[in-house]
Every structure is written in structure tokens, then in C-alpha cells.
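Below is one structure, written out as C-alpha cells, with a few remarks after it.
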Amino acid sequence: MKIIHAIIGMVIIVVGFTFLSTTIEEAPVRNVTLKIYGNILVFMGTFYLKKIAKFGKQIV
């Protein structure tokens, strides 16, 4: 189950980085909106990995 949660978190982060790297010519408002969505998704993905998938500091 931990592997499935890790994959979901990484997919969320990849989608966020895709939004961050996307630019649309002649649409500055749309670019800012995509950057905000990208930042939110990257934050959600890292939060998901740390809290739900428990990929934070691991003690062996």
C-alpha cells in the first residue's frame, strides 16, 4: 500500500511541475494561473508523500 501512495504522490508532483513549466504566449493571466496551480500541486504532492505515504524522516 505504501508503494501505491508513493506513486500517487509522485504523479501529483510531476503534474505540478508540468503546470509550472507550461507557458502560453500572449496570455499573462493564464500563465500566472498555471504557475499558481503548479505550486499548489507540488505542495500537495510533497505533503501527501510526507504525511500519507510517510516518506518523511524514517527511522529504521
### Task
Find out if a path of hydrophobic residues (ILVMFWY) with successive side-chain heavy-atom gaps under 4.5 Å connects I13 to I52.
no

### Query
Measuring from K35:NZ to N39:CG, what's the distance to the nearest 0.5 Å?
9.0 Å

### Joint hydrophobic cluster, L41 plus I8, side-chain heavy atoms closer than 4.5 Å
yes

### Query
Quick one: side chain to side chain contact (heavy atoms under 4.5 Å, CB included) partners of N31, sequence neighbours excluded?
T23, I24

### Message
Any side-chain to backbone donor/acceptor pair from K50 onto G45? Under 3.5 Å, distance only.
### Response
no

### Message
Show every ring-ring contact (aromatic ring centres under 6.0 Å, His included) that has at least one partner inside residues 1-38, sequence neighbours left out.
### Response
H5-Y48

### Message
Do I4 and L49 sit in one hydrophobic cluster, given that two such residues count as connected whenever their side-chain heavy atoms are within less than 4.5 Å of each other, even indirectly?
### Response
no

### Query
Which pairs, with at least one residue in residues 6-19 and sequence neighbours excluded, count as a side chain to side chain donor-acceptor pair (under 3.5 Å)?
none

